[in-house]
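All heavy atoms count here, side chains included; hydrogens, waters and symmetry mates do not. Below, chains carry the letters A, B, ... as their sequence lines are ordered, and counting in each starts from 1.
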There are 2 protein chains.
Amino acid sequence: MTTATPPKRVTSRRARTRRRLLDSALDVFAEEGFGRSTVEQICERAGYTRGAFYSNFTSLDELFLAMWEERSTRLLADVRAALDEVSAAAPEDAVRAALRAIPVDDAWYRVTAEFTAHALRNPALRRVMAARERAIQDAVLPAVVEALGRTGRRVTDEDALGQALVAVHDGTAVQVLLDPGSEAVLARREALFLHVLQAYSTATS
Amino acid sequence: MTTATPPKRVTSRRARTRRRLLDSALDVFAEEGFGRSTVEQICERAGYTRGAFYSNFTSLDELFLAMWEERSTRLLADVRAALDEVSAAAPEDAVRAALRAIPVDDAWYRVTAEFTAHALRNPALRRVMAARERAIQDAVLPAVVEALGRTGRRVTDEDALGQALVAVHDGTAVQVLLDPGSEAVLARREALFLHVLQAYSTATS
DNA sequence: TCTCTCGGATACATGAACGTATCCGATGCG
DNA sequence: CGCATCGGATACGTTCATGTATCCGAGAGA
């Protein structure tokens, strides 16, 4: 067994630079905006030269897509994991706990907003975006439905609830970011979530 | 009275080119994205040279802000006017009529999304954006409250309703654009508006 | 230890966008 | 009818990002 294939190589050299480029890209996109970002800025922040970039990606667009998919997948997994742990009895507490698990991240919002705008111009990207949206619903809804069930409520139309929750989340996220530190906005956000959950479910006997 | 100040000059030369530049800018921003747009593209579409641009604006940022304020003000006026004419008895019909008055414009959404992202990076712009948001609520809410009153419902918390409506509008607009031509998405959008109106008002005996 | 390969660095040529300084023609006025 | 002015056009130098072609060194395999 001493001569087995050496799996020591956990992170290959290539994979490491790729990851560093992707990580730096998020920062740069968030700071400069996607359109204003350059290959060089990303490489500089990552500690590489442009040669490294072109050896890993063919274009900024490709990197942008890869980065967005990676981050959004990771975020989704985090949120799902957090939601599964939410087990408060009172609906208000559950919503509050759930919202705490879903970060309203300034930088990420900026990047997503621009990605969305970009996607609306590009059919291929639009499909990617739509698929991701669906994945989010599929991953989050079960947890929500179950949590509601625990508080004695049954969801009537899951798809409708899913769409409503996503819309409310996106819509209120902007408001929160535009009005940083406003407790009122945060409170209304919470209230709106509660109202929606209420509206799309009925008490089970 | 023959020698009165000649008010023949309805649109001065300067004002005309300014307007054409602003109009072209919307198209270019929508097509290319703000970050990818250049001064030259805008001038070319408007039928001018860069000289004209720099004689009217000092930077692309300035034009961007001017354009956004102009368009959004005009849009707001249109929506308000349309809302005032909505006078259906049944809430469903009223909502439907109101939503028809509020266009979900692809190009405009893209521009706004990018403006928002941009504004989140720039405190001055963020204030502009927040002020506009408030103006929208101030202009639209009275019409909504009155329309609800006509159907025998009284709004409990106007600010909360305003924030909720804006959030729902923004959030669902993206969904509509991402899934063009989907009747289901449109229907759910309508339903969500109804639910929110319901939740933030009570029947007045 | 030697060698071969792969991944990133370097150097280069090109093109695009910028902002300015200057010029010219149309338009309003006497 | 001629003049002064204003608004847009032209021309210029500069900066900056791009993509490619080539080079070099580190690390794996024998």
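- No side-chain heavy atom of A/R110 sits under 4.5 Å from any side-chain heavy atom of B/T116.
- Remark: P of C/dC18 and CG of B/L60 are 6 Å apart, rounded to the nearest angstrom.
- Near DNA chain D, meaning a heavy atom under 4.0 Å from it, residues 17-36 of chain A has no residue at all.
- Remark: A/S55 is in phosphate contact with C/dG8, judged by side-chain N or O atoms under 4.0 Å from OP1 or OP2.
- Counting heavy atoms from C-beta outward, B/F34 and B/F64 have side chains that approach closer than 4.5 Å.
- For the pair B/F53 and A/T58, both in contact range of DNA chain D, the more 5′-proximal nearest nucleotide belongs to B/F53.
- For A/Y48, counting side-chain heavy atoms from C-beta on, the closest listed nucleotide (D/dA9, C/dC18, C/dG8) is C/dG8.
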Give me, pair by pair, the N or O atoms of the protein and of nucleotides 20-25 of chain D that are less than 3.5 Å apart, along with how far apart they are.
none

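- Between the B/E32 side chain and the B/S37 main chain, no donor and acceptor come within less than 3.5 Å of each other.
- Proximity of A/E133 to B/D179: side-chain heavy atoms (C-beta onward) are nowhere separated by under 4.5 Å.
- The phosphate of D/dG7 (OP1 or OP2) has no side-chain N or O of B/N56 nearer than 4.0 angstrom.
- Distance from the side chain of B/T49 is smallest for D/dT10 among the nucleotides C/dA9, D/dT10, D/dA17.
- Between A/D23 and A/R71, at least one side-chain nitrogen of the basic residue sits less than 4.0 Å from a carboxylate oxygen of the acidic one, meeting the salt-bridge criterion.
- Note: A/F193 and A/H169 have tilted aromatic rings, judged against thresholds of 30 and 60 degrees for the angle between ring planes.
- If you check residues 39-46 of chain B against DNA chain D, you find no residue with a heavy atom closer than 4.0 Å.
- A/T112 places a side-chain N or O within 3.5 Å of a backbone atom of A/W108 that can act as its donor or acceptor partner.
- Using a 4.0 Å cut-off between charged nitrogen and carboxylate oxygen, B/R96 and B/E92 do not count as a salt-bridge pair.
- Considering only side-chain atoms of B/R14, the nucleotide from D/dA9, D/dG7, C/dG8 that sits closest is D/dG7.
- Side-chain contact check for B/Q163 versus A/Q175: some heavy-atom pair is nearer than 4.5 Å.
- Counting heavy atoms from C-beta on, the side chains of B/R126 and A/P180 come closer than 4.5 Å.
- A distance of 11.5 Å separates CZ of B/R154 from CG of B/L148, quoted to the nearest 0.5 Å.
- As rounded to whole Å, 15 Å separates atom P of D/dT18 from atom CZ of A/F57.
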